Amino acid sequence: MRKEAEFTAFAQAAAPRLRQIAYLMCRDWHLAQDLTQTTLTKLYLAWPRITRRDHDPFAYARKTLLNTLLDHKRLRSTTEVTTDHIPDHTPDTPHHTTTTDTRLTLIDALAQLTPRDRAIVLLRYWEDHTIEATADILGVTNSVVKTQSMRALATLRTHLHHIDQPAH
């Protein structure tokens with residue numbers, strides 16, 4: 001019962017700060033609230049282990065929050081984009097043409113990457129492998145996968161941003 005009281009006190013004290021961190025990461029107060037609740041649930045389940053091993057509960061909570069956000073970002077439902085305008089897919093511009101054009105644009109952007117960076121991006125985000133699995137498949141360290149995936153995504157964003165810009 002003492003452990004449960006400790007957790008309750010920790011959760012009440014840490015929740016506002018966790019929610020603020022979550023908001024800064026996702027820029028959505030509703031999602032930040034959901035991420036905070038999920039994090040506290042995971043923390044509650046691990047609480048005996050956390051306190052037994054003398055872990056810093058807030059550091060553990062912050063790491064759990066980040067992992068929860070990253071897991072959420074990987075879900076297909078997070079690819080939904082809210083908009084005030086519903087696109088009109090007339091017979092002249094069928095949806096599958098737009099999808100094909102987008103896919104071809106993405107393939108062109110991937111071609112701008114080095115072979116290893118392309119492999120990392122495809123394994124991590126297309127095949128949805130973990131950092132560890134990607135590192136194992138490619139025979140590199142986890143830190144190489146993390147660093148190269150961040151750089152590769154930045155390159156893709158830059159390339160795709162230039163394509164979106166109208167010519168002057």
Side-chain angles (χ1 to χ4, degrees), residues 1-84 86 99 102-103 105-106 109-110 113 116-161 164:
M1 198 55 139
R2 181 175 160 245
K3 295 286 185 185
E4 195 162 318
E6 286 176 7
F7 174 78
T8 301
F10 170 79
Q12 288 173 340
R17 187 169 167 205
L18 288 171
R19 191 170 33 256
Q20 183 179 32
I21 292 168
Y23 173 76
L24 292 173
M25 290 192 297
C26 70
R27 309 295 287 175
D28 177 336
W29 281 113
H30 298 290
L31 179 57
Q33 180 66 31
D34 291 346
L35 293 170
T36 301
Q37 290 301 317
T38 301
T39 297
L40 290 174
T41 300
K42 290 177 180 180
L43 217 60
Y44 177 78
L45 296 172
W47 192 253
R49 185 171 29 95
I50 295 167
T51 55
R52 184 175 49 242
R53 293 187 179 165
D54 292 326
H55 287 342
D56 174 11
F58 192 80
Y60 190 92
R62 188 175 46 234
K63 183 176 181 178
T64 303
L65 175 66
L66 177 59
N67 289 335
T68 301
L69 174 67
L70 294 175
D71 289 345
H72 176 77
K73 292 287 185 189
R74 282 191 274 266
L75 294 174
R76 287 191 172 272
S77 65
T78 62
T79 60
E80 295 175 2
V81 177
T82 59
T83 181
D84 292 334
I86 298 174
T99 303
T102 303
R103 187 170 294 169
T105 301
L106 183 56
L110 285 168
L113 301 176
R116 183 168 76 174
D117 287 352
R118 192 173 323 115
I120 288 171
V121 168
L122 292 174
L123 287 169
R124 286 282 295 128
Y125 303 103
W126 186 268
E127 294 292 322
D128 202 29
H129 287 285
T130 64
I131 291 170
E132 295 78 11
T134 302
D136 189 49
I137 290 167
L138 296 175
V140 298
T141 64
N142 292 350
S143 62
V144 167
V145 172
K146 291 176 188 176
T147 303
Q148 293 305 115
S149 63
M150 286 190 317
R151 288 181 185 162
L153 290 175
T155 300
L156 287 174
R157 283 186 195 102
T158 300
H159 182 71
L160 293 171
H161 178 72
D164 274 349

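All values below come from the heavy atoms of this structure, side chains included, with hydrogens, waters and symmetry mates left out. On a predicted model such as this, the values are computed, not experimentally measured, just so you know.
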What distance separates H72 NE2 from L35 CG, expressed to the nearest 0.5 Å?
6.5 Å
Please round to the nearest 0.5 Å and tell me the distance separating atom CD of Q33 and atom OG1 of T38.
9.5 Å
Euclidean distance, L43 CG relative to T36 OG1, rounded to 0.5 Å:
11.5 Å
State which residue, out of L69, I21, T64, fulfils the side chain to side chain contact (heavy atoms under 4.5 Å, CB included) condition with T39.
T64
Selection residues 133-144 - residue pairs positive for side-chain hydrogen bond (donor to acceptor under 3.5 Å, both in side chains), sequence neighbours left out
T141-S143
Below 4.5 Å, heavy atoms only, C-beta onward: do T155 and D117 meet side chain to side chain?
no
Does atom NZ of K3 have more than 12 heavy-atom neighbours, drawn from other residues, nucleotides or ligands, at distances under 6.0 Å?
yes
T51 OG1 to Y60 OH distance, which is reported to the nearest 0.5 Å:
11.0 Å
Could you tell me which non-hydrogen atom of S149 sits nearest to which non-hydrogen atom of K146, and how far apart they are?
OG-O, 3.0 Å
Report the distance from atom CZ of F10 to atom OH of Y44, rounding to the nearest 0.5 Å.
14.5 Å
Tell me every residue that passes side chain to side chain contact (heavy atoms under 4.5 Å, CB included) with Y23, counting only those two or more places apart in sequence or in another chain.
R27, W29, A32
Please collect all salt bridge (charged side-chain N to carboxylate O under 4.0 Å, His left out) contacts where either partner lies in residues 6-25, sequence neighbours excluded, each pair once.
R2-E6
Between L153 and L156, is any pair of side-chain heavy atoms under 4.5 Å apart?
yes
Are any of the side-chain heavy atoms of F7 and P57 separated by less than 4.5 Å?
no
Below 4.5 Å, heavy atoms only, C-beta onward: do R116 and V144 meet side chain to side chain?
yes
Is there side-chain contact between V140 and Q148, with at least one heavy-atom pair below 4.5 Å?
no
